[in-house]
**Student:** 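Questions regarding the structure given below will be posed in turn.
Values reported hereafter were calculated over all heavy atoms of this structure, with side chains retained and with hydrogens, waters and symmetry mates removed. Sequential numbering from 1 along the given sequence is applied to the chain's residues.
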Amino acid sequence: MLQQSSCCCDSFGFRPCSVASKTKSAFSCYMDLKDKNKLLPFASSLSLKWPQLNRNPVLACRASRGSHVTPVGKDDLPIHGVAEVLVGVLGGGQLGRMLCQAASQMAIKVMVLDPQENCPASKLAYHHMVGSFDDSATVQEFAKRCGVLTVEIEHVDVETLEKLELQGVDCQPKASTIRIIQDKYLQKVHFSQHDIPLPEFMQIDDLEGAKRAGDLFGYPLMIKSKRLAYDGRGNAVAKSEDELSSAVTALGGFDRGLYVEKWAPFVKELAVIVARGRDNSILCYPAVETIHKENICHIVKAPANMSWKIRELATDIASRAVSSLEGAGVFAVELFLTKDDQILLNEVAPRPHNSGHHTIESCYTSQYEQHLRAVVGLPLGDPSMKTPAAIMYNLLGEDEGEPGFHLAHQLIARALCIPGATVHWYDKPEMRKQRKMGHITIVGPSVGNVEKLLDSMLNEESSESQSAVAPRVGIVMGSDSDLPVMKDAAKVLNMFGVPNEVRIVSAHRTPELMYSYALSARERGIQVIIAGAGGAAHLPGMVAALTPLPVIGVPVRASTLDGVDSLLSIVQMPRGVPVATVAVNNATNAGLLAVRMLGVCDADLLSRMSQYQEDTRNEVLTKAEKLQKDGWESYLNP
């Protein structure tokens with residue numbers, strides 16, 4: 001039997017708060033009718049929140065053992081939206097916050113369970129139930145109000161999730177997946193049984209077992225806690241047998257549950273965000289490179305700079321790993337790339353992840369929208385990137401308290417001057433060293449470009465250097481004698497507002513420079529190369545052989561053969577090395593062709609090219625009209 005609490009007053013914007021009769025004394029409060037700003041709580045089981053933009057008080061109930069209090073205000077309201085279910089999220093940290101942000105754009109309601117009243121998601125959630133996601137009674141009470149239950153942190157009470165599933169509660173991903181992921185040793189066993197490549201590993205129960213592992217795997221030796229290990233916590237490295245004891249002690253001893261991994265000689269750490277729908281469909285985001293600082297994800301580069309073959313291998317392993325688990329949602333698969341081009345799985349997170357923050361700005365469907373799509377049963381969205389490159393910088397606390405806030409806010413101020421930068425602040429009330437306080441994502445035409453912008457932000461460079469525009473077209477020639485012709489390409493590009501660079505790069509006199517230029521062009525943001533050459537015209541072909549970018553060759557008229565030799569040389573490139581070309585000395589058309597190529601993915605350029613065509617048409621019509629009106633003699637002798 002439920003009774004209506006006396007603390008609720010409809011005239012001041014409160015909805016009735018229902019309390020189980022056996023615990024009706026768990027809280028009481030009253031409203032001083034003479035002063036509507038006073039609300040006096042008489043027990044800790046009720047917390048108050050006063051939104052800045054709404055003068056009506058909003059109550060958020062604090063859950064605790066023995067106190068079954070329903071959230072106030074919205075329980076009786078129907079859920080309207082694209083998915084008419086309330087999504088419950090265990091955890092209200094920054095990942096929960098960004099899930100709420102995505103949900104608000106999708107007409108999806110999200111309720112969070114978190115022990116902190118002012119957790120990052122609290123101000124954005126449809127409901128915030130204050131309570132522990134590791135407490136069985138609290139999780140069960142929370143689950144009663146949700147149409148589907150998901151997580152933003154895997155360290156939850158999995159036994160309760162298993163019980164809830166038996167009772168018909170919809171948990172996504174499944175409790176079996178959470179159980180596997182919670183125990184990193186169990187993860188390794190599970191994935192090894194599904195033929196996923198891993199570093200070699202073994203369980204250790206005592207010092208002798210650790211020594212045997214050292215003899216088997218060699219040193220350095222990675223020692224890990226099975227449970228409650230994240231952001232580098234729970235990992236220790238023993239560089240020799242003498243360091244085993246101290247490494248084990250640092251992790252809390254063998255009673256905590258330890259295992260060892262053979263040291264993976266990786267050259268890069270990678271990650272692939274994988275989305276799995278309720279129908280078991282799988283979509284993978286482009287692989288990214290992750291860079292860690294003190295074992296915490298610090299920088300993410302998207303896409304990872306590696307060969308297509310390695311990208312496909314990483315995606316395949318990530319997809320197979322997630323396919324071996326149960327349930328819908330977004331999963332982050334962390335990987336090692338070794339020096340011999342092997343991909344080894346490190347670990348998996350059954351939720352949105354640091355390595356996918358960039359997707360908010362860089363992809364058609366962010367990892368947060370994707371997670372919500374998956375858990376409520378909507379079709380998965382397009383995971384591909386809508387910008388050529390992105391870089392994510394984690395805002396980690398650099399100092400304690402107010403000095404740390406000051407440093408973070410200084411960095412945010414600089415970020416707001418960077419073109420293509422977006423700041424995400426998690427609104428955490430306490431600043432601590434190495435705590436994740438926010439992140440900054442920068443998008444741009446190439447990884448090299450966004451790296452430079454990030455460097456300028458971190459190094460406090462001038463606004464002039466921050467706003468420098470990366471060239472999109474490279475104009476190269478073998479000699480300055482070609483410049484009188486090649487300048488016309490630069491003039492056209494300048495007319496269309498296309499950033500460009502002009503360089504002398506001789507295939508014969510400076511082959512190393514030509515080689516370096518061709519290989520680095522893509523990383524620097526160059527999208528098209530215009531190469532001018534006379535005579536045998538080796539430059540366009542050599543450049544085209546070294547870069548995947550489109551190359552336009554401009555045959556330059558030399559002192560003999562009138563440039564025909566250059567033209568024939570360019571059009572006779574061997575199969576597999578395509579080079580476009582234009583008429584002899586016609587660098588103007590080369591510039592126009594480059595604009596058209598760029599216009600395929602640039603609506604503004606395409607529009608300007610259409611306008612250029614219209615202008616040239618009108619120019620011809622004007623001349624034709626004048627000729628017809630004045631006659632040819634007056635036309636030639638104005």
**Student:** Enumerate, atom names and distances included, each donor-acceptor pair closer than 3.5 Å involving a side-chain atom of residues 369-380, sequence neighbours excluded.
**Tutor:**
| residue | atom | partner | partner atom | Å |
| --- | --- | --- | --- | --- |
| E369 | OE2 | R373 | NE | 2.8 |
| E369 | OE2 | R373 | NH2 | 3.1 |
| Q370 | OE1 | G381 | N | 2.7 |
| Q370 | NE2 | Y285 | OH | 3.4 |
| Q370 | NE2 | G381 | O | 2.9 |
| H371 | ND1 | V330 | N | 2.9 |
| H371 | NE2 | T150 | OG1 | 2.8 |
| R373 | NH1 | P379 | O | 2.6 |

**Student:** If you draw a 6.0 Å radius around CD in E430, do more than 12 non-hydrogen atoms from other residues or ligands fall strictly inside?
**Tutor:**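 12 or below, so no.
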**Student:** Residues in side-chain hydrogen bond (donor to acceptor under 3.5 Å, both in side chains) with Q434, at least two apart?
**Tutor:** none
**Student:** Quick one: are the ring centres of Y393 and H439 less than 6.0 Å apart?
**Tutor:** no
**Student:** Show the numbers, then the answer: is there a side chain to side chain donor-acceptor pair (under 3.5 Å) between T441 and H357?
**Tutor:** CA-CA 8 Å; T441 299; H357 286 344; over 6 Å; no
**Student:** Quick check against the 3.5 Å criterion: does E326 have a side-chain atom that pairs as donor or acceptor with the backbone of P173?
**Tutor:**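 No, because the side chain of E326 does not come within donor-acceptor range (under 3.5 Å) of the backbone of P173.
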**Student:** More than 12 heavy atoms of other residues, nucleotides or ligands under 6.0 Å from CH2 of W425: is that the case?
**Tutor:** yes
**Student:** Pick one: which of L313, V348, V272 meets side-chain contact (heavy atoms from CB on, under 4.5 Å) with L335?
**Tutor:**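 Between L335 and the candidates, side-chain contact (heavy atoms from CB on, under 4.5 Å) is satisfied uniquely by V272.
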**Student:** Where do S132 and L113 come nearest, in terms of heavy atoms and distance?
**Tutor:**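 Scanning both residues completely, I find the closest heavy atoms to be O-CD2, 3.8 Å.
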**Student:** Checking side-chain contact (heavy atoms from CB on, under 4.5 Å) between L270 and each of N346, I343, I317, which is the one that passes?
**Tutor:** I343
**Student:** With distance as the sole test, does T365 use its side chain to make a donor-acceptor pair with the main-chain N or O of D382 at under 3.5 Å?
**Tutor:**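 Checking the backbone N and O of D382 against the side chain of T365, a donor-acceptor pair under 3.5 Å is found.
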**Student:** Could you name each residue pair satisfying salt bridge (charged side-chain N to carboxylate O under 4.0 Å, His left out) that touches residues 155-171, not counting sequence neighbours?
**Tutor:**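 Residue pairs with at least one partner in residues 155-171: E159-R179, E162-R179, D170-R278.
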**Student:** Taking the six-membered ring of Y185, is NZ or CZ of K226 closer than 6.0 Å to its centre and within 45° of its axis?
**Tutor:**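 Yes, K226 sits over the ring of Y185.
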**Student:** Using every non-hydrogen atom in the two residues, find where V450 and A389 come nearest and quote the distance to one decimal.
**Tutor:**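 So the two residues come closest at CG1-O, 4.2 Å.
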**Student:** With sequence neighbours excluded, what pairs up with R320 under the side-chain hydrogen bond (donor to acceptor under 3.5 Å, both in side chains) test?
**Tutor:**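 side-chain hydrogen bond (donor to acceptor under 3.5 Å, both in side chains) list for R320, sorted by chain: D316.
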**Student:** Is it true that the NZ or CZ of K188 lies under 6.0 Å from the centre of F201's six-membered ring and within 45 degrees of the ring axis?
**Tutor:** no
**Student:** Identify all side-chain donor-acceptor contacts of residues 94-104 below 3.5 Å with residues at least two apart in sequence or on another chain.
**Tutor:**
| residue | atom | partner | partner atom | Å |
| --- | --- | --- | --- | --- |
| Q94 | OE1 | K428 | NZ | 2.9 |
| R97 | NH1 | P120 | O | 2.8 |
| S104 | OG | Q101 | O | 2.7 |

**Student:** Residues in ring-ring contact (aromatic ring centres under 6.0 Å, His included) with H292, at least two apart?
**Tutor:** none
**Student:** When Q182 is tested against each of R227, E154, H155, Q187 for side-chain hydrogen bond (donor to acceptor under 3.5 Å, both in side chains), which residue passes?
**Tutor:** R227
